[in-house]
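Take a look at the structure set out below.
Chain identifiers are assigned alphabetically (A, B, ...) following the order of the sequence lines, protein sequences preceding nucleic acid strands; residue numbering begins at 1 within each chain.
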Number of protein chains: 2
Amino acid sequence: MDQRIAEQTIGRLSLYRRLLDTLMRDCVEHVYSHQLAEKTGFTSAQVRRDLMAVDTAGNTRRGYDVGELIRAIDDYLYAPSGQQVAVVGIGNLGRALLTFFSGRRPKLSVVAGFDVDEQVVDRVIHGCRVYHMDEVDRVVAEDEITLVMLTVPSDAAQPAADACIAAGVSGILNFAPARLKVPPSVYVSHVDLTMYLEMVAFFARQKDGDQGD
Amino acid sequence: MDQRIAEQTIGRLSLYRRLLDTLMRDCVEHVYSHQLAEKTGFTSAQVRRDLMAVDTAGNTRRGYDVGELIRAIDDYLYAPSGQQVAVVGIGNLGRALLTFFSGRRPKLSVVAGFDVDEQVVDRVIHGCRVYHMDEVDRVVAEDEITLVMLTVPSDAAQPAADACIAAGVSGILNFAPARLKVPPSVYVSHVDLTMYLEMVAFFARQKDGDQGD
DNA sequence: ATTCAGTTGTGACGCTATTCACAGGATAAG
DNA sequence: CTTATCCTGTGAATAGCGTCACAACTGAAT
Ligand SMILES: NC(=O)c1ccc[n+]([C@@H]2O[C@H](COP(=O)([O-])OP(=O)(O)OC[C@H]3O[C@@H](n4cnc5c(N)ncnc54)[C@H](O)[C@@H]3O)[C@@H](O)[C@H]2O)c1
Ligand SMILES: NC(=O)c1ccc[n+]([C@@H]2O[C@H](COP(=O)([O-])OP(=O)(O)OC[C@H]3O[C@@H](n4cnc5c(N)ncnc54)[C@H](O)[C@@H]3O)[C@@H](O)[C@H]2O)c1
């Protein structure tokens, strides 16, 4: 948390981190930057540059110690005590996210859902209780929730975000096709699946036309 | 489809395009770059630069004609006859995507699902038939499917992608946490939701520490 | 002890995307 | 017709990222 860090480096560190889990499981003790590169699709220089951000030291002959690297990335990437996450809007997408992320990672776990529909409120999905939005203040405080994944209809996105922020949330992963206005102390990232699909459509078409590459 | 285009410009054009729909619905006839910028969160210079890619001409006094701009972006972004999409892996996430995207846009519509689980095969979800993966060759050809959203478990991602590519698909939006090896004529985009969540966690925490900004 | 092969860490470089800034142009008002 | 205003389109400047390339290092082999 010391100097300026490229946004995309954080994303890549997250990918390396998951890869290291599988290496650890396979009892691999050391790994070279070019091996991480190969498995993630980046270049080895990119990997080394990214790892400069974390407190680690590769051995010039054996590469990086897997356990040591895991510790270094964890230290850099995650809060020591972890961060709690809620899913707001338990519709089709919200339910999928809730199911997938609940109790997945110790450092980043989804612990609650919120909705306004009486049909889903108070249900328990994959171990997570769904609360009514009216309870957001209480539950966010009690469960120390700092992040939400926002999967409500786009009209409801801004008010729902406002309610979460008022309750103390400082990070939002927004899936609704709406730009959120938030105070500068809150970080918002926008995942626009329609946009991704249209990008794939365009570039796939372009490749078809170009006859590959 | 003429000269080199920045990948991200395509993404932004997709956002402008959707915004223009709402302007059209509100009977707005003209729009300035700074208005599009305001509503999308980019700068007006960025908007104008992006629109240089499409065949349009803004009026220096009234800005861009909404209808004209929609036509220009559509011409640039979409195949004249549209592109058909399938969802492969009708689990929690696949079902959400299938429901959301089926019959949404005329130029880009989800028309089929694929799975291997007898529980879901042959069911019809939101108007889309779910086929067995064994039928991928036939259905992709018959329905002229060129794109897939891949939402299978990560072990199954590569073989499922291979089957789709063999059937003629040229674009893949992959949600599984696995890097796909594909021939150069196929375009793959990787949406890693775990990574996005971890990025939000990091930067939200950083903001908290920095007291805003 | 020395050599050799193969790696890390990083300064310098280059590329691409974004922003700046302004010439040129359209319109409305006088 | 002329002026004032406020826009677009775009070359030029800047910033942000990724890549190159190599000095420094490590451990193994001899
Ligand atoms: N499902 C997808 O694949 C998909 C794809 C792209 C974008 N999105 C976006 O994600 C969002 C959710 O999509 P979905 O398909 O799950 O929709 P959905 O209609 O299935 O679910 C929305 C849920 O939000 C709840 N809700 C409504 N207002 C609320 C409020 N004020 N506070 C809390 N909860 C509220 C509803 O009760 C419902 O359960 C939408 O904005 C959609 O545009 C979804
Ligand atoms: N659900 C989420 O929110 C979420 C979030 C991040 C990533 N993902 C990724 O998306 C993928 C799907 O997630 P999910 O939660 O929907 O899982 P899921 O288990 O609910 O669904 C997977 C579906 O794929 C089908 N399938 C298995 N093998 C197949 C094959 N060879 N061909 C076709 N279909 C096959 C299964 O029958 C099942 O219906 C996973 O790779 C997961 O890691 C999901």
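The base of C:dT27 does not come close enough to the side chain of B:Arg62 for any donor and acceptor atom to sit less than 3.5 Å apart. Side chain A:Arg12 to base D:dG18: no donor-acceptor pair is found below 3.5 Å.
Across all strands, B:Thr9 comes closer than 4.0 Å to no nucleic acid atom at all (heavy-atom distances).
The CG-P distance, from B:Asp50 to C:dT18, rounds to 7 Å in whole Å. For the pair B:Tyr32 OH and C:dA26 P, the interatomic distance rounds to 14 Å; values are reported in whole Å. Summarising the geometry, the separation between CZ on A:Phe42 and P on D:dC20 is reported as 16 Å, rounded to the nearest angstrom. Whole-Å rounding puts the B:Met52 CE to D:dT8 C1' distance at 11 Å. Separating the CG atom of B:Asp55 from the P atom of D:dG9 is a distance of 11 Å, rounded to the nearest angstrom. C:dT8 atom C1' lies 14 Å from atom NE2 of A:His30, rounded to whole Å. Atom pair B:Ile10:CD1 and C:dT18:P shows a separation of 12 Å (rounding to whole Å applied). Rounded to whole Å, the distance from CZ on A:Arg48 to C1' on C:dG11 is 13 Å.
Taking the nucleotide of DNA chain D with the nearest heavy atom to each of B:Ala57 and B:Arg61, the more 5' of the two is matched to B:Arg61. Taking the nucleotide of DNA chain D with the nearest heavy atom to each of B:Arg49 and B:His34, the more 5' of the two is matched to B:His34.
Of the residues listed (A:Leu147, A:Ile145, A:Val140), the one engaging A:Gln84 in a side chain to side chain contact (heavy atoms under 4.5 Å, CB included) is A:Ile145, and it is the only one.
Classified by interplanar angle (parallel below 30°, tilted 30° to 60°, perpendicular above 60°), the ring pair B:Tyr131/B:Phe114 is tilted. Between B:Phe203 and A:Tyr187, the angle of the ring planes stays under 30°, which puts this pair in the parallel group of the 30/60° scheme.
Remark: A:Asp21 does not engage A:Arg25 in a salt bridge, criterion side-chain N to carboxylate O under 4.0 Å.
Checking the phosphate oxygens (OP1, OP2) of D:dG9, a side-chain nitrogen or oxygen of B:Tyr64 falls inside 4.0 Å. The phosphate of C:dT19 (OP1 or OP2) has a side-chain N or O of B:Gln46 nearer than 4.0 angstrom. Remark: A:Asn59 is not in phosphate contact with C:dT8, judged by side-chain N or O atoms under 4.0 Å from OP1 or OP2.
Comparing D:dT19, C:dT7, D:dG27 by their closest approach to the side chain of A:Thr60 singles out C:dT7.
Across all their heavy atoms, A:Ala37 and A:Ser44 have their closest contact at CB-N, 3.5 Å.
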